[in-house]
Amino acid sequence: MPQFSRTLVTTALPYANGPVHLGHLAGVYLPADLYVRYKRLKGEDVIHIGGSDEHGVPITITAEKEGISPQDVVDRYHRMNLDAFTKCGISFDYYGRTTSAVHHQTAKDFFFEIERKEIFQQKTEKLFFDAQTNRFLSDRYVTGICPICNNPEANGDQCEQCGTHLSPLELLNPKSKLSDATPELRETMHWYFPLGRFQQQLENYVNLHEDDWRSNVVNYTRTWLKQGLNDRAITRDLNWGITVPLDSDEAVGKVLYVWFDAVLGYISFTKEWATQQGEADRWKSYWQDPACRLVHFIGKDNVVFHTLMFPAILMAWNEAPQADCYNLADNVPASEFMNFEGRKFSKSRNYAVYLGEFLEKFPADTLRYSIAMNYPENKDTDFSWQDFQNRTNGELADTLGNFIKRSVDFTNTRFDGMVPADVTTDEWNNLGIDWQETLEQLDRAYEGFHFRDAASLGMDIARAANRFLTVSEPWKLIKVDREAAGRTIALSLNLCHALSIALYPVLPETCQRIHAMLGFDGRIEDLIVRGKSLFTELLTPVLLQGHKLRENSEILFTKIEDSAIAPEFAKINALLAEAEKREAAMVENRIEFKPVISFDDFQKIDLRVATVIAAEPVKKASKLLKLQLQIGSVTKQVLAGIAQHYSAEEMVGKNVVMVANLAERTMRNEVSQGMILAVEGADGKLFIIEPAGDEINGKQIQ
RNA sequence: CGUGGGGUGGAGCAAUUGGUAGCUCGUCGGGCUCAUAACCCGAAGGUUGCAGGUUCAAGUCCUGUCCCCACCA
């Protein structure tokens, strides 16, 4: 295990085509922030780099739909997401955008370098092109009939109904999702990155980390490696993105594919950060000094981009290096997903709670706590309003907030707002809390990315603190032994201080308020000293006798009334009802085949071409026509429920398809000796099957 | 079909390499009154999806089976 002296934390770049929701926060940004804040408080050198992913097709489509430019789209969502993150206390050291000049240059540098080494391959292939919108269509923008199950709405990459993986070329009757037009095949040339070239290196890389990476990360990655790595296109035909930095004609109209572009943003933004710090070269000490630990926080959907593709890009750069080599990620703590009220968050269905929206209603720390306690570390978890209310009221307000307040209030009313005594180390160590052990547990929790543990460790202290205060009963004690009461309250106050440190990564704003309530002026962050851990303050009492608290106490967490979350339930129900309706409509459109029958079964049906020789309405039966059918030399009478669609007169002379061996049945006192075939169109309109041909009367249909 | 992840007291979750099945909430009973009707103590409640197997010992390992969920921007 190498000893790192610095840490570079990156978070997946949110796509600037929509607002981030709680699922993103839970899987990526909050855990990263907890980790980074923890390390900062420990006095370590750590930076958190993130930013907006601002290229790609969907953005251009949004722009077109709204009649604005792609730049307008990304401007909007970049600002919106950065604002939401800031409100949530996600403390980026730098939050960049892939549209920046520095990033474009970085990406081009990488392209150039890999092109120079002749690693890329150029391939020409036929892709669907939508002439109406003038775009080449990526797989998921093509829809058509699934060749396997006939689902009419199969996607170009996969049929949702039968799960088959498809190529767009396999679809029957392909349509562009952008315009409904039938796309044409056109030749186009693209640069490909030969991932397979790095197969062995990548396998070694993963093997090296099989013990310290999460099993889900290793598994996802190995699944890919087992299948063998294919060439991957790194360019696309598009006019929004980073142009291929070559002068040749073939580079015209090509941009770098987002998967190549976006991950390099981590590097670009670190450069921008360094420049902003006034030390333009400092980014190198994070990317190119092996003493720096690189950690990518992502969701599980992003694993292979960070364990295979990005490393492969860096390996390509590092090969026969002319410049300094890049570090590969030391860890990739990919989260599972957080669901919302039992279902997946879904941007397209608008089934989501957006971060900015949430923070307009409830304080950031309540969200941070709830989400930290439900961090999807090993498996998918669930965010529910009920759970959020319970945790906020029962844990944050009742357990934590109330403890702080009762300690401070008691001091203010009985001890003039001053810490009444010094606390000895013995007393501090006899609270039933093993501080040394707590410190180690906190360290294991944060360093191992176990954020639920980290948050509950803090709350455990609050619970122990309540226990201590209730059991020592200073309100009784003060009547007989003021000094003894003072000692217990001094302990309580020091517990408050300990809580403000221990919970700081999870509840930065709240802890700052505790800090202030305890009579400290500055910011907690201002106490940070490089190389010295603030958490060691847990080991000894910090508040000394005579320390003056701020005069007034405050309620740290307002309880969430049922009425405050009731509208959220209403909203969900409305959304679900809407989704259900849509899904019901889908089911209706879906073609459900009857169970398979054998050929022999089919042969049992005697289908004949019959000619209508006479027709008349049936009395008291508005839907029935009585037909006399000629089948060769035989005449049969059939009652057909077509009176509302065909008149008796127009039926005469028609050829129809008849089931000739159907058991007889009597309706309205008339015998029906078979049935004729018809198909029901929209609105229940019937169309008779009319076989056309010469001399086919009486012939069997098969 | 395939691959991956799951099924633990009413709910949500924990259980390092197999070794007394824990926690939070809820329920019930009690205590306290400093505090946000809060806090503290106690109790009830699980044959760990089902069926086999390995073992001195299985939630944990093996086999089979049933059910749930996710699956490439």
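Below, chains carry the letters A, B, ... as their sequence lines are ordered, and counting in each starts from 1. For clarity, every value in this text was computed on a predicted model and none was experimentally measured.
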Give one of base, sugar-phosphate or nothing for [X], where a contact means two heavy atoms less than 4.0 Å apart.
X: A:Ile478; answer: nothing
X: A:Tyr220; answer: nothing
X: A:Arg414; answer: sugar-phosphate

*Where does the angle between the aromatic ring planes of A:Phe345 and A:His21 fall among parallel (under 30°), tilted (30 to 60°) and perpendicular (over 60°)?*
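Rings of A:Phe345 and A:His21: parallel, as their planes differ by under 30°.
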*Return the orientation label for the A:Phe451 and A:Tyr375 ring planes: parallel under 30°, perpendicular over 60°, tilted otherwise.*
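Perpendicular, since the angle between the ring planes exceeds 60°.
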_Contact nearer the 5' end of RNA chain B, comparing A:Phe468 with A:Leu400_ =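 In this pair, the answer is A:Leu400.
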*Which comes earlier along RNA chain B counting from the 5' end, the contact point of A:Asp301 or that of A:Asn393, where each point is its nearest nucleotide?*
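On the 5' side of the pair lies A:Asn393.
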Across all strands, who's sitting opposite [N] as a Watson-Crick or G-U wobble pair, both distances under 3.5 Å?
N: B:rA70; answer: B:rU3
N: B:rA51; answer: B:rU63
N: B:rU17; answer: none
N: B:rC39; answer: B:rG31

Taking only the [atom1] atom of each, what is the distance from [N] to [M] in whole angstrom?
N: B:rG29; M: B:rC68; atom1: P; value: 40 Å
N: B:rG59; M: B:rU8; atom1: C1'; value: 7 Å
N: B:rA58; M: B:rG53; atom1: P; value: 12 Å
N: B:rG49; M: B:rC13; atom1: P; value: 15 Å
N: B:rU65; M: B:rC23; atom1: P; value: 37 Å
N: B:rA14; M: B:rA51; atom1: P; value: 24 Å
N: B:rA70; M: B:rA15; atom1: P; value: 23 Å
N: B:rC41; M: B:rC32; atom1: P; value: 15 Å

What's the closest nucleotide to the [X] side chain, out of [options]?
X: A:Arg467; options: B:rC40, B:rC71, B:rU36; result: B:rC40
X: A:Thr470; options: B:rC32, B:rC25, B:rC40; result: B:rC40
X: A:Lys344; options: B:rA70, B:rC34, B:rC39; result: B:rA70
X: A:Asp380; options: B:rC40, B:rC69, B:rU24; result: B:rC69
X: A:Ile555; options: B:rC39, B:rU36, B:rU24; result: B:rU36
X: A:Leu469; options: B:rC34, B:rU36, B:rC32; result: B:rC34

Is [X] salt-bridged to [Y], cutoff N-O under 4.0 Å?
X: A:Glu336; Y: A:Lys379; result: no
X: A:Glu210; Y: A:Arg214; result: no
X: A:Lys559; Y: A:Asp398; result: yes

*Below 4.0 angstrom from OP1 or OP2 of B:rC13, is there any side-chain N or O of A:Arg452?*
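No, A:Arg452 has no side-chain N/O under 4.0 Å of OP1/OP2 on B:rC13.
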*Is any side-chain nitrogen or oxygen of A:Lys559 closer than 4.0 Å to OP1 or OP2 of B:rU36?*
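It does not, given that no N or O in the side chain of A:Lys559 lies less than 4.0 Å from OP1 or OP2 of B:rU36.
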*Where at least one partner belongs to residues 395-418 of chain A, residue pairs that pass ring-ring contact (aromatic ring centres under 6.0 Å, His included), sequence neighbours excluded*: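 Qualifying pairs, neighbours excluded: none.
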Figure out the [atom1]/[atom2] separation between [X] and [N], and round it to whole Å.
X: A:Ile371; N: B:rC13; atom1: CD1; atom2: P; answer: 14 Å
X: A:Arg406; N: B:rU36; atom1: CZ; atom2: C1'; answer: 11 Å
X: A:His450; N: B:rA15; atom1: NE2; atom2: C1'; answer: 14 Å
X: A:Glu395; N: B:rC25; atom1: CD; atom2: C1'; answer: 8 Å
X: A:Phe337; N: B:rC69; atom1: CZ; atom2: P; answer: 16 Å
X: A:Leu495; N: B:rC39; atom1: CG; atom2: P; answer: 16 Å
X: A:Asp387; N: B:rC23; atom1: CG; atom2: P; answer: 19 Å
X: A:Glu341; N: B:rG12; atom1: CD; atom2: P; answer: 12 Å

_Rounded distance [0.5 Å steps], CZ in A:Phe449 versus CG in A:Leu34_ =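 One gets 12.0 Å once the value is rounded to the nearest 0.5 Å.
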_Expected output: side-chain A:Asn81 to main-chain A:Gly18 donor-acceptor under 3.5 Å_ =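 Yes: the side chain of A:Asn81 pairs with the backbone of A:Gly18.
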*Under 3.5 Å, is there a donor-acceptor pair between the side chain of A:Thr11 and the main chain of A:Phe297?*
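Not at all, since once roles are kept as given, no pair shorter than 3.5 Å links the two residues.
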Show me the donor-acceptor pairs, under 3.5 Å and distance only, between side chains in residues 482-491 of chain A and residues at least two apart or in other chains.
unit_1, atom_1, unit_2, atom_2, d
A:Arg482, NH1, A:Arg414, O, 3.3
A:Arg482, NH2, A:Arg414, O, 2.8
A:Thr488, OG1, A:Ala485, O, 2.7

*asked:* Is it the case that B:rC32 (base atoms only) and A:Trp475 (side chain only) share a donor and an acceptor within less than 3.5 Å, ignoring hydrogens and angles?
replied: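 There is none.
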Close N/O contacts between protein and nucleotides 6-8 of chain B (under 3.5 Å):
none

